[in-house]
Every structure is written in C-alpha cells, then in structure tokens.
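Structure, as structure tokens:
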Amino acid sequence: MKYQARKKAMLLLADGTIFYGKSVGDKDGTAFGEVCFNTGMTGYQEIFTDPSYFGQLMVTTNAHIGNYGTNVDEVESESVKIAGLICKNFSYEYSRPIADAGLEEFLDGNGLFAISDVDTRALVAYIRDHGAMNAVISTEVEKLAELKKQLAEVPSMQGLELASKVSTKEPYHFGNENATYRIAALDIGIKKNILRNLGQRDAYIKVFPYNASFEEMAAWNPDGYFISNGPGDPEPLTEAIATAKKMMKSDKPVFGICLGHQVIALANGISTYKMHNGHRGINHPIMNLVTGKGEITSQNHGFAINRKETEAHPDLEITHVHLNDKTVAGIQVKDRNIFSVQYHPEASPGPHDAEYLFDQFFEMVKSVEPVSVP
C-alpha cells in the first residue's frame, strides 16, 4: 500500500525545536508557514480551503484525518489555502458513501505537502506554551542548516498583509438577481458559506476586491454592506479600513465577520494585536452580553481587538465576549446599524448557534427602504 513507501519527514519550529514524522504518501516536499492548530474533530476539508488560513501550516488535533474522504461540495474556496498539513494518523482509505475522493487525492490535486505520524499532542502542548511561530515541514531532514536559514527569512504573520493573495481580482455576483435585497461584500478572504447564508435570506450579492473603494461599492446601490473574514494582520489593510470608514458614514447597515470585525474596529480607532495562539476550532464558548445567552461557535483568528480601548470608546458597545480569555468577540456601533463579530456565524464547519446574526443583519437591512434595481 501507499503508506509503506512513506519517507522520513520533520517539522522544524523557528525556535529550533524539531518534531519527526513521515510524508503522506511517497512524496518529497518542503513547506513554510506559521504553525497553528485547530481542535475541530470534523470539517477538515472546509478548514483546508478557508482563505483565513492562507500561509499557515495546519496541525489537526483529531487523531485521524481523512477517514471520511472529501466531497466537491464541501469547500470554502476554489483551492486549498493552508501552506501544509501536520497530523497524527492519515487515513488513506475512506468509508463515507457520498465522498467522491480520498483526502490524499484531494491534497495532491491542490499541490499540498503533508506529513503524518507526528506526536501532535506534544506539538500542540508546545505551541500552547510557546505561542504560534513560523515553521517548516520537509522530507529533506539531512538539510537542517539550510532549512533553518530559509526559515529565518520567512516573514512574521504580524504586519503581513495577505488579503490581496486570496481576494477576488474582479467583482462578481452571487445569488438570485431578482432577490429583494442587494448586499455589497468586501472580499478580504470570503468563505462560500457566508455567501450562501446571505443569499438564502433573499439577497443578491456583489463581491468586490479587497482594495475596492467605497464609491465603487456604493455605485451598485446596495441595501447593506458586508466585510468578510480573511488572513493575515488587519492593520496593513489601509484601503479596506478607509472603505469601512465611509461605509459607516452611509445610512446603510454594515456587518463584519472575523477580519472584517477587526477592520471595523480599526476604522473606529481601536487597535489590534497578535494573540499568543489565537482561536481555531468549532467549540469556542461565547457570551452574548445583550441577551445573556451562551453560544458555541466556530473560530479561526490569530489577531484580536483591544478590549480596554473598546470599553473606553464612546460610540462602541461590546456585545459578545469569549468566555475562555475574555477577548472581545463582538461589537456594535451605538445607535447605528453597524456591528461585527470575531467568530464565524456561518460555521462550515461548526455549530449553528450564531446563524441568528445573519437574521439580525437583514432585520437592519429591512429597516431601510430597498433600492430599485436599475
């Protein structure tokens, strides 16, 4: 079988720590990126294709990866976005009836290098203690000195603008053109399931590139604005921040998710910071401070907004808080139809506790007279 020909491989962290494993299949390869981990037990295909993970080496904490194969309908973008995969047990065989390919075939088709047989429990414990950092996975285990030199040249995620790497190059439409409402979405790494959730609520969406101006978006006469999730540090997104400022001065509702949440915060003068590990998984507990209800949520972010600055801001209200570390998970502009959350109400993968946020957005949209379609 394929796995009998696997080659010795290693994971080299930026601080010099090494974990050994084996290649998935009989392939040689090397991949660089920031190492991070996701605690979800399912949804690996959605995670691997999520644009928010662009440039990251993904450690999956579930013991088995690939056992249910892949399905062409279960992707969040047109290609794999992670830089590489690190896992414990890689399943070459799959048993799900609706799967149309195995995970190895899916990864090969996307040119992704993966290693298995890594002690992921020890690795995740190490990352939790020492923080997310750059790393390299490779079968070139004899070229340690050369790999260390190359790794030292990989830029830090802090200060790194990545939205331009995953955003659409040209505007495009999604949904039913005869829908009641029109939503202009700023794509800084948008997931397909976000578009599905918007479209399912009687909306026609026009998706704009990351550097689109407010004037370009407003010319389409939307009923509301949406700012998407995405990868990298939010602070270098000066064009998106400028566009968000103008969105907020319009009389239209504005909704932001994840990176979009951070962009809205920055547009209000709130700073952001790189987290020690970030939040990546599908079981993160959130408290809705408005309703007093808890939510189990899907999360994927390595940056957060400054809580003290948000609390002191006269025009902002904190609406959601992460219960593990008390980071800000949601904000609302007071007396305005503008809000954002740090997590993923569209899930995919994950629970649907927070889908109501899309309904909340459209209640705001409905409060504004719909524009006439030219």
### Task
Search all heavy atoms of E346 against all heavy atoms of N193 and return the closest pair with its distance.
O-ND2, 2.5 Å

### Message
Please say yes or no: joined through hydrophobic side-chain contacts below 4.5 Å, possibly via intermediate residues, are L160 and F32 part of one cluster?
### Response
no

### Query
Regarding Y53 and N38, is there a side-chain donor-to-acceptor distance under 3.5 Å anywhere?
yes

### Task
State, yes or no, whether a side-chain contact exists between V321 and K326 at a heavy-atom distance under 4.5 Å.
yes

### Query
Are F226 and M364 connected, step by step, through hydrophobic side chains (Ile, Leu, Val, Met, Phe, Trp, Tyr) whose heavy atoms are closer than 4.5 Å?
yes

### Query
Centroid-to-centroid, Y172 to F174, below 6.0 Å?
no

### Query
Are K192 and E78 ion-paired here, with the side-chain N under 4.0 Å from a carboxylate O?
yes

### Query
Under 3.5 Å, is there a donor-acceptor pair between the K81 and S79 side chains?
yes

### Query
At what distance, to the nearest 0.5 angstrom, does OG of S367 lie from CG of D223?
10.0 Å

#### Entry: Pairing residues for K274 by the side chain to side chain contact (heavy atoms under 4.5 Å, CB included) criterion, not counting sequence neighbours
E34, A132, M157, Q158, F303

### Residues that E215 engages under side chain to side chain contact (heavy atoms under 4.5 Å, CB included), provided they are two or more places apart
S213, K246

### Message
For the residue pair N324 / H279, report whether a side-chain donor-acceptor contact shorter than 3.5 Å exists.
### Response
no

### Query
Are the side chain of H261 and the backbone of G256 linked by a donor-acceptor contact shorter than 3.5 Å?
no

### Query
Should we say atom CE of M41 is surrounded by more than 12 heavy atoms from elsewhere, each under 6.0 Å from it?
no

### Message
Tell me if a side-chain donor or acceptor on N288 pairs with a main-chain N or O of E295 at a distance below 3.5 Å.
### Response
no

### Query
According to a 4.5 Å side-chain heavy-atom criterion applied to Ile, Leu, Val, Met, Phe, Trp and Tyr, with indirect links allowed, do L85 and I137 form part of one hydrophobic cluster?
no

### Query
Yes or no on side-chain contact (heavy atoms from CB on, under 4.5 Å) for M275 and H301, after CA distance, side-chain angles and deciding distance?
CA-CA 9 Å; M275 304 172 74; H301 60 100; 3.6 Å; yes

### Partners passing side-chain hydrogen bond (donor to acceptor under 3.5 Å, both in side chains) against S164 (at least two apart in sequence or in another chain)
E161

### Message
Counting C-beta onward and ignoring hydrogens, is there a side-chain heavy-atom pair between V24 and L107 closer than 4.5 Å?
### Response
no

### Message
Between T297 and Q299, is there a side-chain donor-acceptor contact under 3.5 Å, judged purely by atom types and distance?
### Response
yes

### Task
List for me each residue that meets side chain to side chain contact (heavy atoms under 4.5 Å, CB included) alongside D15, sequence neighbours excluded, and say none if there are none.
L13, T17, Y126, M133

### Query
F362 versus D202: any side-chain heavy-atom pair under 4.5 Å?
no

### Summary
Given the options K88, K22, R6, K8, D117 meets side-chain hydrogen bond (donor to acceptor under 3.5 Å, both in side chains) only with R6

### Summary
Interatomic distance, OG@S340 vs CD1@I305, rounded to 0.5 Å, equals 6.5 Å

### Message
So if I apply the ring-ring contact (aromatic ring centres under 6.0 Å, His included) rule between Y225 and each of Y181, F339, F214, which one comes out positive?
### Response
F214

### Query
Are E216 and K206 within salt-bridge range, i.e. N to O under 4.0 Å?
no

### Query
Considering only heavy atoms from C-beta outward, does the side chain of I205 approach that of H173 to under 4.5 Å?
no

### Task
Applying side-chain contact (heavy atoms from CB on, under 4.5 Å), run through D119 and R121 and close with a yes or a no.
CA-CA 6 Å; D119 186 346; R121 292 183 67 181; 3.8 Å; yes

### Task
Verify whether one side chain among D187 and T168 offers a donor that lies under 3.5 Å from an acceptor in the other.
no

### Summary
Minimal heavy-atom distance between S138 and E140, with the atoms involved, is OG-N, 2.9 Å

#### Entry: Remaining members of the apolar cluster that contains Y94, side-chain heavy atoms under 4.5 Å
none

### Message
Are the side chains of I257 and F358 in contact, using a 4.5 Å heavy-atom criterion?
### Response
yes

### Query
Under 3.5 Å, is there a donor-acceptor pair linking the side chains of Q342 and Q262?
yes

#### Entry: Co-membership, hydrophobic cluster, residues Y68 and V75, 4.5 Å side-chain
yes

### Considering all heavy atoms, the nearest L237-L259 contact
CD1-CD2, 3.8 Å

### Message
Checking N300 against D50: is there a side-chain donor and acceptor pair closer than 3.5 Å?
### Response
yes

### Message
Starting from I98 and following side-chain heavy-atom contacts under 4.5 Å between hydrophobic residues (I, L, V, M, F, W, Y), which residues can be reached?
### Response
none

### Query
Are I18 and V154 grouped together when hydrophobic residues (ILVMFWY) are joined by side-chain heavy atoms under 4.5 angstrom apart?
yes

### Message
Can you give me the closest heavy-atom contact between Y92 and S23, atom names plus distance?
### Response
OH-O, 4.1 Å

### Query
Nearest heavy-atom pair of I188 and V166: which atoms, and what distance?
O-CG2, 4.1 Å

### Task
Taking the side chain as every heavy atom from C-beta outward, state whether L147 and M10 have any pair of such atoms under 4.5 Å apart.
yes

### Message
I need the minimum non-hydrogen distance between I282 and P351, along with the two atoms involved.
### Response
O-CD, 3.2 Å

### Message
Please determine whether the number of non-hydrogen atoms from other residues, nucleotides or ligands lying under 6.0 Å from atom CZ of R336 exceeds 12.
### Response
yes

